[in-house]
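So you know, we letter chains A, B, ... as the sequences are listed, proteins then strands, and number each from 1.
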Amino acid sequence: MTASLSADPTTGVPAPPLAGVLARLTGVRKRFGTRWALNGVDLDVRNGEVLVVLGPNGAGKTTALGILTGLRTADGGSVALFGGDPRDVVVRRGLGVTPQDLDFPPMLRVHELIDLVRAHYPHPMPTSAILERFELAHLRDRYSSALSMGERRRLSVAFAFAGNPRLACLDEPTTGLDVESRRAVWAALRAYVAHGGTVLLTTHYLEEAEALATRVVVIAGGVTIFAGSVAEIKGRVRRKRVSLRADSLVALAHAETIVREGERFVLQTNDADALLDELHARGVVFWDLEIQAATLEEAFLRLTEASS
Amino acid sequence: MTVSPTALLRRHVWMNTIELVRLPMYVLPTFAFPVLLFTFFGLPYAGSTEAARLLMSSYAAYGVLGVTLFQFGVGIAAERDTSWERFLRVLPVSFAMRLLARVLAALVFALAVATVVILTAALLTKPDLNIALLARLFPALLVGAIPFALLGITIGYWTERRAAIPVANLIYLPLSLGGGLWMPPAFLPKLIAAISPFLPTRHYGEVVWAAVNGTPVPVISWVWLLGFTAVFGVTAVLGYRRDESRRYR
């Protein structure tokens with residue numbers, strides 16, 4: 001799927017200024033009182049990708065999403081959604097949103113809420129298909145106040161896709177979901193992308209980023225500190241976990257930490273090659289060597305430590 | 001296929017209406033109070049056709065006043081701080097359309113309340129209804145309610161969620177009594193009668209009484225209502241702007 005280059009004649013949603021970029025934040029700054037919540041966020045959402053925004057609590061992920069979806073205005077930098085202003089109603093016809101916390105009007109039924117959201121979009125998904133995809137069909141006539149936490153979450157995730165938009169923005173869509181519900185959401189998200197949709201999501205779950213992300217953006221302290229693939233983020237942080245057996249071990253220049261775990265020593269290093277050279281040079285006798293790349297979680301911690 | 005503005009508007013009006021219809025805590029007082037008060041306090045004095053018509057129009061106005069103060073005032077105060085409100089703001093729909101939907105939903109309730117009061121009056125008294133009278137009364141009830149809708153919006157934006165209901169009641173009940181909607185101004189205690197001509201509800205009353213009497217509305221009442229419309233219009237807009245700049249800057 002490639003981005004269409006002219007404005008959609010039926011929706012009037014303008015084409016992106018750069019082929020393939022659906023949304024862009026450039027040097028976006030946002031101040032609350034005296035505190036700068038965002039202090040230079042750069043972010044591109046490219047057509048057809050799943051862009052995962054990672055960052056610690058309070059990093060500014062939700063604020064950045066709020067600016068991208070037209071809920072708030074930036075104090076600096078530039079914002080473009082489909083080449084237009086996200087505060088423009090017509091521009092937002094290409095945008096589906098799932099907020100982080102969402103309480104529904106208690107006296108409306110599940111299908112009524114979905115129909116309400118659908119009514120805002122030019123080419124919505126059929127209500128039955130949405131109910132099916134998010135495992136809500138049996139809850140069709142239930143009042144929103146009678147839904148469980150997981151059901152409420154699935155319904156609010158369904159809202160982002162109900163209008164069949166070009167871009168779905170989801171703020172922590174699977175927080176508080178059980179494993180099965182999470183898999184249902186992942187499957188729905190993949191199906192949507194397979195049909196040409198684009199997703200921007202924030203998450204706390206690193207395995208979610210590893211499972212879904214085409215690209216990752218890391219925001220910390222209101223600044224974008226990394227943008228790239230999952231493999232790149234891991235590669236950029238070259239930390240490796242080296243595990244080996246030895247009778248004894250001395251302090252090593254290339255090992256940041258050495259921990260004894262039962263019969264094994266576990267070493268953290270930023271340069272595994274140099275560490276092995278050092279071990280040989282020092283004449284350390286070791287066997288049963290294992291070297292693992294850092295998990296995304298370790299890489300992520302490393303990046304945020306480095307930036308602060 | 002594109003998004004039809006009328007279909008979207010209908011959807012929002014329906015949502016605003018059905019939510020309240022399913023809420024007994026809203027429906028019961030909204031309909032029961034005007035009907036009960038009419039039955040208790042109006043009925044004994046509604047002997048003549050003229051008296052029956054005046055009391056019927058007064059309690060219909062009292063009912064519509066309740067809709068404006070509660071549906072706008074309490075409704076806006078309760079909703080403006082919710083995650084649902086923030087969600088609606090990122091959907092592709094303008095604030096103007098959502099406000100229009102709120103006005104139309106209030107219109108549905110206002111017409112329903114007025115109809116129920118008029119039916120009660122027709123059943124229990126002899127107002128001798130005719131089409132011409134109703135064709136004067138309904139527009140009078142709605143046009144005269146405009147400043148109160150703006151007062152309701154003012155309450156909605158200037159009071160917090162929990163304060164909105166007591167504040168709305170503190171305005172609703174004294175204004176209804178003082179304006180002569182419960183009993184004719186001539187029957188009011190001296191002190192209240194002295195204040196009455198300065199209350200917006202008194203002039204709302206003058207408008208609906210003129211409608212059922214088939215007499216022209218005193219010009220001074222239009223002037224007062226226009227003045228209140230201007231004042232409450234300003235306070236409503238200021239409240240809205242304050243909320244916008246605080247919450248969605």
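Classification of Asp243(B) and Arg246(B) as a salt-bridged pair fails, no side-chain N sitting under 4.0 Å from a carboxylate O. Using a 4.0 Å cut-off between a side-chain N of Lys or Arg and a carboxylate O of Asp or Glu, Asp103(A) and Arg152(A) qualify as a salt bridge.
In terms of heavy-atom pairs under 4.5 Å with chain A, the best-connected choice from Ser83(B), Ala7(B), Ser4(B) is Ser83(B). The candidate with the highest count of non-hydrogen atom pairs below 4.5 Å against chain B, out of Thr98(A), Val117(A), Leu108(A), is Leu108(A). In terms of heavy-atom pairs under 4.5 Å with chain B, the best-connected choice from Thr69(A), Leu95(A), Leu71(A), Asp88(A) is Leu71(A).
No part of Arg10(B) comes within reach of chain A, as not one of its non-hydrogen atoms sits under 4.5 angstrom from that chain. With a threshold of 4.5 angstrom between heavy atoms, Phe32(A) approaches chain B through its backbone and through its side chain. Proximity to chain A is absent for every atom of Thr82(B), based on heavy atoms less than 4.5 angstrom apart. Of the two parts of Arg109(A), the backbone and the side chain both hold a non-hydrogen atom closer than 4.5 Å to a non-hydrogen atom of chain B.
The six-membered or imidazole ring of Phe159(A) lies near that of Phe104(A), with a centre-to-centre distance under 6.0 Å. Checked against a 6.0 Å centroid threshold, the rings of Phe95(B) and Tyr240(B) count as neighbours.
Geometrically, Arg89(B) engages Tyr248(B) in a cation-pi contact defined by less than 6.0 Å to the ring centre and at most 45° from the axis.
Between the side chain of Arg154(A) and the main chain of Phe134(A), a donor-acceptor pair closer than 3.5 Å is present.
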